[in-house]
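See structure below.
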Protein chains: 2
Amino acid sequence: MENKTQYAILGILSIASGSGYDIKKYCDTVISNIWNENFGHIYPVLNAMLREGLIDRKDDNVATRKKEYAITDKGKEVFLNWLVEPTQYKPVRSEFMLKFLFSSNLPKEGIIKVLNDYKKRHELKLEEFRKMEKYINQEKKEILPEREIYLGATLRYGILSSEAVIMWCDEVIHTFESLTS
Amino acid sequence: MENKTQYAILGILSIASGSGYDIKKYCDTVISNIWNENFGHIYPVLNAMLREGLIDRKDDNVATRKKEYAITDKGKEVFLNWLVEPTQYKPVRSEFMLKFLFSSNLPKEGIIKVLNDYKKRHELKLEEFRKMEKYINQEKKEILPEREIYLGATLRYGILSSEAVIMWCDEVIHTFESLTS
DNA sequence: CCTATCATGTAATCCGTTACATGATTCA
DNA sequence: TGAATCATGTAACGGATTACATGATAGG
């Protein structure tokens with residue numbers, strides 16, 4: 001299966017050096033719609049990557065205890081190799097859809113409620129994407145002009161996906177409502 | 001995180017009794033767009049569920065070595081409890097989008113090719129969904145009239161999602177093409 | 001002063017994947 | 001006869017999550 005976390009870390013460090021904490025923050029804010037990481041995974045992987053020479057330590061900030069990692073040439077090579085390799089797609093597992101599929105014995109009103117919640121959830125996501133759009137437009141430092149297009153596109157991806165889900169919810173809610181009436 | 005496989009199994013067995021092999025087949029055909037399972041997981045889980053009394057064995061078919069499992073009352077209860085529980089959403093991890101995000105140093109033509117492949121991939125998926133629609137319309141035995149709407153809806157979900165991805169590809173390809181020219 | 005955020009780590013657990021192993025039956 | 005499908009399992013591995021543990025600093 002191969003540890004994907006190291007590639008995420010290499011990618012993030014290839015944009016800017018930083019600490020494990022920074023990496024986590026980047027995941028939680030900028031790319032939360034496409035990727036996530038946990039501290040419990042980041043730190044051990046970071047140390048393993050250090051041992052393998054994929055990254056190295058810049059002069060750590062003594063005041064804040066912060067460790068600054070930077071990508072090495074070897075790291076860049078490994079990263080590039082992964083980048084041009086064809087993507088491995090893992091099969092889908094949507095717990096929401098699994099539940100929905102087997103809901104035929106539940107009261108229709110309950111299902112409609114669940115669908116409305118799901119819809120709202122994605123409407124909130126949409127809002128967040130707008131906020132993120134604002135965020136990346138303000139934070140000049142991160143957004144080199146050639147990188148802006150990529151970040152913008154991942155955001156568009158989130159927006160279009162969410163809109164599709166909302167459309168689906170509307171459709172199905174409508175179907176169920178015409179059934180009960 | 002809790003083993004989701006058992007719920008998938010309970011759901012599938014609640015529609016019709018069957019073997020591990022049947023369960024796998026159901027995943028690979030009917031619900032492949034929302035769920036998947038491996039044999040290496042199904043069989044051990046099946047035995048654990050048997051021990052816990054969530055399922056039991058019908059008279060096995062000696063001729064084919066096939067073991068028939070059926071959901072028990074306890075299994076139904078456990079299943080229902082899960083069904084009405086709020087869904088736990090796991091954070092996204094899209095390797096494709098991660099790669100795309102960090103592709104700014106790759107040649108634009110290469111990226112466009114990757115996007116076209118991704119698009120084609122989802123166009124093929126769309127086709128498959130149509131085929132599945134046909135399949136569920138023909139296989140009367142599985143599709144009780146009240147279940148048809150749920151199966152149809154999961155298919156619609158796949159269709160709308162794929163279309164959204166295809167739209168996204170078109171958008172981004174267009175952006176990149178106007179950049180290079 | 002106290003809460004939130006910054007900051008780094010370890011340990012336990014486990015779910016799921018992959019590889020390995022076996023053998024019957026069906027159909028071309 | 002040989003390939004594809006039916007059919008059931010075990011073992012190893014590992015990636016990721018969760019819980020646990022600690023402590024500094026900044027701001028209200």
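Per chain, numbering begins at 1; letters A, B, ... match sequence-line order.
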Is there a path from A:L124 to A:L126 through hydrophobic residues (I, L, V, M, F, W, Y) whose side chains come within less than 4.5 Å of each other?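 A:L124 and A:L126: separate clusters.
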Are B:Y150 and A:V92 connected, step by step, through hydrophobic side chains (Ile, Leu, Val, Met, Phe, Trp, Tyr) whose heavy atoms are closer than 4.5 Å?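 No: no chain of side-chain contacts under 4.5 Å links B:Y150 to A:V92.
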Checking contacts here: which listed nucleotide ([options]) is nearest the side-chain heavy atoms of [X]?
X     : options                : answer
A:R65 : C:dG9, D:dG9, C:dC6    : C:dC6
A:N47 : C:dT5, D:dA7, C:dG9    : C:dG9
B:H41 : D:dT10, D:dG23, C:dC15 : C:dC15
A:N3  : C:dT10, D:dA16, C:dG9  : D:dA16
A:Y21 : D:dC6, C:dT8, D:dT10   : C:dT8
B:K66 : D:dT8, C:dT8, C:dT17   : D:dT8

Remember a base hit wins even if backbone is also touched, and classify A:Y7 as base, sugar-phosphate or nothing at under 4.0 Å, heavy atoms.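 Since no nucleic acid heavy atom lies under 4.0 Å of A:Y7, the category is nothing.
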Please state how far atom [atom1] in [X] lies from atom [atom2] in [N], giving the value in whole angstrom units.
X     : N      : atom1 : atom2 : result
B:E2  : D:dT18 : CD    : P     : 12 Å
B:Q88 : D:dT17 : CD    : C1'   : 12 Å
A:K25 : C:dT8  : NZ    : P     : 12 Å
B:E95 : C:dT17 : CD    : C1'   : 15 Å
A:M49 : D:dG15 : CE    : P     : 13 Å
A:Y26 : C:dC6  : OH    : C1'   : 20 Å
B:K4  : C:dT17 : NZ    : P     : 14 Å
A:I23 : C:dC6  : CD1   : C1'   : 15 Å

Think A:S19 has a side-chain N or O under 4.0 angstrom from the OP1 or OP2 of C:dT8?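 Yes, A:S19 has a side-chain N/O under 4.0 Å of OP1/OP2 on C:dT8.
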If you compare every side-chain N and O of B:T5 against the phosphate oxygens of C:dC15 (OP1, OP2), does one of them come in below 4.0 Å?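 Result: no.
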Going by number, which of residues 32-40 of chain A have a non-hydrogen atom under 4.0 Å from DNA chain C?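 Only A:F39, A:G40 qualify.
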Taking only residues at least two apart or on different chains, which pairs with a member in residues 45-54 of chain B satisfy salt bridge (Lys or Arg N to Asp or Glu O under 4.0 Å)?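 Passing the test, one end in residues 45-54 of chain B: no pairs.
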Quick check for you: to the nearest 0.5 Å, what is the distance between B:E37 atom CD and B:I23 atom CD1?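 The CD1 atom of B:I23 is 9.0 Å from CD of B:E37, to the nearest 0.5 Å.
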Work out which heavy atom in A:Y69 is nearest to a heavy atom in A:L13; give both atom names and the distance.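 Heavy atoms only, the tightest pair is O-CD2, 3.7 Å.
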Using a distance-only test with no angle check, is there a side-chain donor-acceptor pair under 3.5 angstrom linking A:Y7 and A:E2?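 Yes, a side-chain donor-acceptor pair sits under 3.5 Å.
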Do A:L151 and A:L155 have side chains that get closer than 4.5 Å, going by heavy atoms?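 Side-chain contact under 4.5 Å: no.
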Which residue, B:P44 or B:R93, contacts DNA chain D at a nucleotide closer to its 5' end, judged by nearest heavy atom?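 By nearest-heavy-atom nucleotide position, the 5'-most residue is B:P44.
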Please work out whether the ring planes of B:F100 and B:W168 are parallel, tilted or perpendicular, with thresholds of 30° and 60°.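 The rings of B:F100 and B:W168 stand perpendicular, inter-plane angle above 60°.
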